[in-house]
There are 2 protein chains.
Amino acid sequence: MFASLQTIDTRSGPRPAPIAWSPRSAAPVEARLARRAETHPLEALEPSASTLCVEKDREIYSQGDPAEFSYRILSGTVRTVKLMEDGRRQVAEFLLPGDFFGGDGLDDHDLAAEAVSAVVLRRYPRRAVEALADRDADVARRLRGLASAKLRAAREQMMLLGRKTAVERIASFLSDLAARLPNSRDGRIALAMGRADIADHLGLTIETVCRTLACLRRDGVIEIAREAVSIRDARSLHALACDPRH
Amino acid sequence: MFASLQTIDTRSGPRPAPIAWSPRSAAPVEARLARRAETHPLEALEPSASTLCVEKDREIYSQGDPAEFSYRILSGTVRTVKLMEDGRRQVAEFLLPGDFFGGDGLDDHDLAAEAVSAVVLRRYPRRAVEALADRDADVARRLRGLASAKLRAAREQMMLLGRKTAVERIASFLSDLAARLPNSRDGRIALAMGRADIADHLGLTIETVCRTLACLRRDGVIEIAREAVSIRDARSLHALACDPRH
DNA sequence: CGAACTATTGAACTAGGTCAAACCCAGTGG
DNA sequence: CCACTGGGTTTGACCTAGTTCAATAGTTCG
């Protein structure tokens with residue numbers, strides 16, 4: 001049933017006791033940094049947050065909805081989707097455990113968010129997030145950092161969509177996903193999303209995604225199982241992705 | 001199928017120091033603009049800002065540079081550019097007077113910024129911007145708003161690049177530009193950028209941009225002058241752009 | 001087993017890319 | 001005043017990467 005990704009046991013109960021929070025704490029830099037590694041920017045809001053589960057393919061919020069909540073993924077995969085009247089679809093991003101979404105600023109969501117797999121979320125009231133950011137400059141800074149990362153990713157995606165070939169798109173996608181998935185040792189990447197989602201993320205058709213994957217397999221770069229891909233030749237993959245990271 | 005290889009990359013020359021800068025310049029340009037555009041989030045930093053002029057096609061900063069400054073455009077047009085090793089180019093955005101750029105968060109710029117036309121900029125030290133945001137929650141909120149707007153635009157662009165046809169891309173582009181240019185009464189849009197820039201922004205080739213513009217002209221939707229386009233039938237244009245705005 | 005999906009593969013087609021030639025100015029210099 | 005040069009732009013003729021259409025093959029589930 002839970003064949004998907006790492007299932008951090010998270011049910012609402014065992015929440016680490018919220019540390020007493022002093023907004024202007026003069027904690028030593030090192031302590032601050034250490035804590036930063038393990039905590040997320042909205043730690044202070046845990047008391048007012050709630051946990052929810054969403055079934056596969058259910059909508060979390062839809063395009064145009066007022067943005068009342070911000071979310072953090074505990075387990076599962078989420079896609080954010082933009083839709084045109086005639087049904088053409090663009091998947092803006094795939095979100096993994098630990099990622100935030102829904103808090104991208106404006107008053108209403110410009111994208112819908114949907115569960116790719118069964119998903120467990122932590123949900124924070126936007127009003128509280130705003131208030132926290134207003135009173136805690138460190139939180140505000142970290143939120144800015146998150147926004148910047150999203151913007152950077154969006155721009156990388158623009159390059160991909162505007163200028164890369166099908167092979168480069170697929171290679172970039174796999175390469176990127178491998179880097180983001182924590183437990184992708186031995187190069188195995190679990191693909192929670194179907195070919196259609198991948199196609200709509202990369203600006204291709206389902207058929208081209210299939211053919212291109214097949215092509216990469218023929219060349220010995222990857223192996224394909226239905227729900228996962230294994231990277232056999234990471235170097236080639238990165239080269240094909242035109243990825244300056246490697 | 002290597003996309004658009006512009007003739008050459010004329011950027012690489014040793015870039016001379018910025019032409020002119022004066023810490024407190026009360027240029028007439030600025031006075032004029034101040035009148036029009038009420039206040040901006042960095043108003044408080046004006047004392048530590050400086051004004052600079054950049055010639056057409058000069059680089060303002062390049063991909064990978066440490067992000068030391070944030071900029072606001074007083075006059076002219078700027079493009080932000082992402083480059084691949086083999087010369088393929090993606091123009092992420094065109095920036096107009098009043099727009100901010102360079103402050104998108106991370107420690108170094110993921111895009112280069114270049115002057116499309118001769119440009120006058122106001123430049124703010126990032127350190128000061130950060131400090132101001134830390135101490136003034138209202139500023140921080142407005143900066144977050146700017147970042148959100150950029151993210152939203154980037155996503156719209158992803159839809160365009162991933163799923164729209166050439167005609168839709170051109171129509172969207174013109175439509176969007178018309179909405180952003182203040183003085184586009186009588187539907188006349190001044191195009192500061194050349195066809196190559198437009199092509200690299202829309203994920204097309206120069207030739208396709210030309211042909212598509214010609215096609216829109218044939219259909220009576222627009223008129224084309226060398227440096228500008230006049231919208232003759234805004235309704236059709238918006239319809240072609242698949243623009244929910246109309 | 002069969003229905004309903006999703007993925008894969010093949011064959012034909014097309015939107016947009018590539019290559020190449022003409023055009024159109026704005027300078028420049030005779 | 002005009003020819004000449006050099007940049008961007010426009011148009012035409014052809015080509016191909018990726019789409020579309022259609023048929024096949026696994027998988028899941030009742």
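Values below: every heavy atom of this structure, side chains too, minus hydrogens, waters and symmetry copies. All of these numbers come straight from a predicted model, not from anything done at the bench. Proteins come first, then strands; the chains are lettered A, B, ... in the order of their sequence lines, and each starts at number 1.
A search for ring-ring contact (aromatic ring centres under 6.0 Å, His included) contacts involving A:Phe101 returns A:Tyr71, not counting sequence neighbours. With sequence neighbours left out, the side-chain hydrogen bond (donor to acceptor under 3.5 Å, both in side chains) criterion links A:Arg152 to no other residue. For B:Phe100, the ring-ring contact (aromatic ring centres under 6.0 Å, His included) test picks out B:His40, with sequence neighbours left out.
Atom CD in A:Glu168 sits about 12 Å away from atom C1' in D:dA17, given to the nearest Å. Straight-line distance from the CZ atom of B:Arg88 to the C1' atom of C:dG17: 13 Å, rounded to whole Å. Going from atom CG of A:Leu191 over to atom P of C:dT8 covers 10 Å, rounded to whole Å. Remark: P of D:dT28 and NZ of A:Lys56 are 12 Å apart, rounded to the nearest angstrom. If you take CZ of A:Arg163 and P of D:dG18, they are 13 Å apart, rounded to a whole angstrom. Across the protein-nucleic acid pair, A:Leu216 atom CG and C:dA7 atom C1' stand 16 Å apart, rounded to whole Å.
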Would you mind writing out the side-chain donor-acceptor pairs for residues 203-214 of chain A within the sub-3.5 Å range, not counting sequence neighbours?
from: A:Thr205; atom 1: OG1; to: A:Thr208; atom 2: N; distance (Å): 3.3
from: A:Thr205; atom 1: OG1; to: A:Thr208; atom 2: OG1; distance (Å): 3.0
from: A:Thr212; atom 1: OG1; to: A:Thr208; atom 2: O; distance (Å): 2.6

Per-pair distances, 0.1 Å, donor-acceptor, side chain in residues 192-199 of chain B, under 3.5 Å, sequence neighbours excluded:
from: B:Asp197; atom 1: OD1; to: B:Arg89; atom 2: NH2; distance (Å): 2.6
from: B:Asp197; atom 1: OD2; to: B:Arg79; atom 2: NH1; distance (Å): 2.8

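Under the 4.0 Å criterion applied to side-chain N and carboxylate O atoms, B:Asp86 and B:Arg88 are assigned as salt-bridge partners.
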Review item, nucleotides 9-13 of chain D N/O atoms under 3.5 Å of protein N/O:
from: D:dT9; atom 1: OP1; to: B:Arg195; atom 2: N; distance (Å): 3.3
from: D:dT9; atom 1: OP2; to: B:Arg195; atom 2: N; distance (Å): 3.1
from: D:dT10; atom 1: OP1; to: B:Arg195; atom 2: NH2; distance (Å): 3.2
from: D:dT10; atom 1: OP2; to: B:Arg195; atom 2: NE; distance (Å): 2.7
from: D:dT10; atom 1: OP2; to: B:Arg195; atom 2: NH2; distance (Å): 3.1
from: D:dT11; atom 1: OP1; to: B:Arg217; atom 2: NH2; distance (Å): 3.1
from: D:dG12; atom 1: N7; to: B:Arg211; atom 2: NH1; distance (Å): 3.0

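A sub-4.0 Å separation between OP1 or OP2 of D:dT19 and a side-chain N or O of A:Thr205 is present.
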